[in-house]
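Step one of this worksheet: look at the structure below.
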Amino acid sequence: MSARKIAEWHEAGLIDAATRDRLTAYEAEHARPLLLWAVWGIGALAIGLGFVSVVAANWEDIPGLVRLTVHLALIGGLLGLLFAREDRLAAHSPWAVEALVFVIAALGLTFFGHLGQVYQTASPLWQPLAMWLALFAPLLLLTGRGWPTALAVLGGMVWTAWEYAGDNAPSGSEATIAWNMWLAFVIALPVIAAPLAAAMRGRSTREDFWVSLEQLALTYAVAGASLACAMASIGGFEADPGSSKLAAVLTCAAMAFAAGAGVAAVRAGVSGRMVGAILAGAGAAMPLAYAVDDVNVAAALVFFALWAGIAAAALAAHWRGVFQLAVGVIALRLIILSFELAADLLMSGFGLILSGLMILGIGWAALRVSRRFAPAKGGAE
Amino acid sequence: MMRYARLVAAVLPLLGLGVLWVESDRTYNSGTDWEVPVAGYDPRDYLRGHYVEFSYDWPGIKPEDFRMEPPVLCLAGQPPRLDEVFMAGGPAACTHPLRATPNNVYGFSGLERGRLYIGQKRGEALQQQLRNRDQRGIVTIRQREDGSFTPISIRFRPLTPAEIAERDAPAGAAPLSPFDPFAPPAVMDKQP
């Protein structure tokens, strides 16, 4: 299409012959044969799907030893390819390496399930997850180039931690301070990825990976603090005779503080300080939420303070998306709070009108704030 | 330096998975086989994924016996024929012990319940067999000296006349002798 246009422009006297030739050469060099790629892609997808369904249909008829051998050989082959060709592949396209590493890690995870099928092993889920993490985290950390591998690392950590804590959670009366602190430490451990990633992002050639990892760890901390606030809203901390829950909450808070201090220390600049501040804020919100357990308005206030802090940090560091998200979250929580407080009002028509007006007002105000005060586009975390 | 780190990172997963495979293979293939009657399939739950779930029906053991912790069962008989099972009170001399460990997917209930991976195709066939009230499920377990064990396979045999009589007896009626008085009903049918 562009060749025809260029010829037309030349005929209309808009460009001279030399420009035409240069444009044609440029277009030929940067041509993206989408149709050809699509045909190739569809063909490859059909072959791949066909292969998968042929294997799946005969899965039980293939001896376990053969299946496991092929599975491990596949992992080994891809690992060999990665080791031998990583730099060349990355020069061609970082996403090729990213996809390769992610596929290797996924195949590794399924190998545990495959062993279970063949050898009838039955262990709590956290054990294979922890082993997978131990075996594959070094690979992911050394070769990951984007958010999928960062998500695999942090997701693996979070999943393992929660599975472990869930399996080893003491029943109410047996909870001891030491054991609850240990479980809280395990739960909070993924947050430590934040200072690690913050330290690496300036030094590594794979900056995208470390940035994603830091963001994900930050997200985990904020989600944990928000969860603590939500628990306080519904009185989720309940009775705590031995103070073991308080110990757990304080452990999580200390971990978040440590991670925040670490990020602020290793990453100079506003952005690093603000990530550190948000982590510390998330840490502070947890004991506050514990203190106001089952006090509806106070729990909501802690939540607002957390997210207002995030919004302020986003303003300081020029993160437009984070600021708008924070405003949206606060607005949503305000609406939920209005329902919590006005449960009786909702019974009457007048109350319904009032609630509706309030929701509209909050929505309008949030939109205004979000547009008016948000940092300009282009600021990146 | 970096190249060595990358080499280690590439070799570590392969080596680890390989060792795990060898270990699983060795564990699976060692031990004594026993045939244990199973009961109490729950039709809503017995095919979780492609697993068949069951409860063990240890001859001579009542469900309330499992309240004492940690439970250890002693198997007696001529393997794979299971003649008798008794609770080992303390570290009693026991040639064929079975122990529940927290490293099992069922935790300390691992002696009461078990599961067996079966393929999707077999799962459907098994579902029919489990519904058949004239059959009794038998699970072969492989028991090792340290008290660990692995369910290996499941098969079915027709109920004996005594078992059929016991099953059809009106509720509350005395179990028929010489049928084992402690055993739960041959196959519980919880279908609505």
Side-chain angles (χ1 to χ4, degrees), chain A residues 56-62 64-65 68-69 71-84 86-87 101 104-105 107-128 131-144 167-168 204-205, chain B residues 2-31 48-53 101-110 113-125 139-142 148-154:
Chain A
N58 298 294
W59 189 248
E60 303 306 330
D61 303 328
I62 307 170
L65 215 60
L68 285 173
T69 308
H71 196 156
L72 198 62
L74 205 57
I75 296 174
L78 292 178
L79 276 170
L81 176 69
L82 179 71
F83 182 71
E86 188 189 348
D87 293 336
V101 176
I104 292 172
L107 280 173
L109 189 59
T110 50
F111 192 78
F112 287 91
H114 201 172
L115 276 179
Q117 287 185 6
V118 175
Y119 294 118
Q120 303 286 354
T121 49
S123 51
L125 195 54
W126 69 266
Q127 290 180 355
M131 201 169 302
W132 174 79
L133 207 57
L135 294 179
F136 285 89
L139 181 78
L140 291 164
L141 291 175
L142 279 175
T143 55
D167 261 7
N168 294 284
S204 171
T205 51
Chain B
M2 210 47 204
R3 196 170 163 78
Y4 282 118
R6 282 177 48 224
L7 182 64
V8 169
V11 170
L12 181 73
L14 208 57
L15 210 65
L17 293 181
V19 167
L20 197 71
W21 182 4
V22 171
E23 194 56 38
S24 307
D25 188 81
R26 190 184 299 160
T27 310
Y28 181 80
N29 286 313
S30 64
R48 184 198 284 165
H50 301 155
Y51 287 94
V52 57
E53 285 199 310
T101 69
N103 285 339
N104 185 278
V105 68
Y106 294 112
F108 285 114
S109 309
R113 291 183 294 146
R115 70 173 196 185
L116 190 69
Y117 175 83
I118 42 161
Q120 192 170 17
K121 272 190 219 157
R122 249 204 97 201
E124 278 159 25
V139 166
T140 304
I141 62 165
R142 196 160 284 166
S148 63
F149 64 102
T150 313
I152 301 289
S153 63
I154 186 167

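Numbers restart at 1 for each chain; the letters A, B, ... are given by sequence-line order, proteins then strands.
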Ignoring hydrogens, what is the shortest heavy-atom contact between A:Phe83 and B:Arg6? Give both atom names and the distance. O-NH2, 3.4 Å
Euclidean distance, B:Leu12 CG relative to A:Leu139 CG, rounded to 0.5 Å: 9.0 Å
Residue selection (most heavy-atom pairs with chain A, distance under 4.5 Å) from B:Pro13, B:Gly16, B:Gly114: B:Pro13
Which heavy atom of B:Tyr28 sits nearest a heavy atom of A:Tyr119, and at what distance? CD1-O, 3.3 Å
Considering only heavy atoms from C-beta outward, does the side chain of B:Trp21 approach that of A:Leu65 to under 4.5 Å? yes
Relative to chain A, which segment of B:Ile152 carries a heavy atom at a distance below 4.5 Å: side chain, backbone, both, or neither? backbone
A:Gln127 portion near chain B, given a 4.5 angstrom heavy-atom threshold: side chain
For A:Gln120 and B:Tyr117, work out which heavy atoms get closest and say how close. OE1-N, 2.7 Å
In terms of heavy-atom proximity below 4.5 Å to chain B, should A:Ala134 be classed as side chain, backbone, both, or neither? backbone
If one checks every heavy atom of A:Phe111 against chain B at 4.5 Å, the contacting part turns out to be side chain
Heavy-atom side-chain contact between A:Leu72 and B:Leu14 under 4.5 Å: yes
Side chain, backbone, both or neither of B:Ser24 within contact of chain A (heavy atoms, under 4.5 Å): both
Using non-hydrogen atoms and a 4.5 Å limit, figure out which bit of A:Ile104 sits close to chain B: side chain, backbone, both or neither. neither
Any idea which of B:Asp25, B:Thr101, B:Thr27 has the most non-hydrogen atom pairs under 4.5 angstrom with chain A? B:Asp25
How would you list all residue pairs meeting side-chain hydrogen bond (donor to acceptor under 3.5 Å, both in side chains) that involve residues 8-19 of chain B, not counting sequence neighbours? none
Using non-hydrogen atoms and a 4.5 Å limit, figure out which bit of B:Arg142 sits close to chain A: side chain, backbone, both or neither. neither
Step-by-step side chain to side chain contact (heavy atoms under 4.5 Å, CB included) determination, A:Phe136 to B:Leu17: CA-CA 10 Å; A:Phe136 285 89; B:Leu17 293 181; 4.0 Å; yes
Cut-off 4.5 Å, heavy atoms of chain B, and the answer for A:Leu82 is backbone
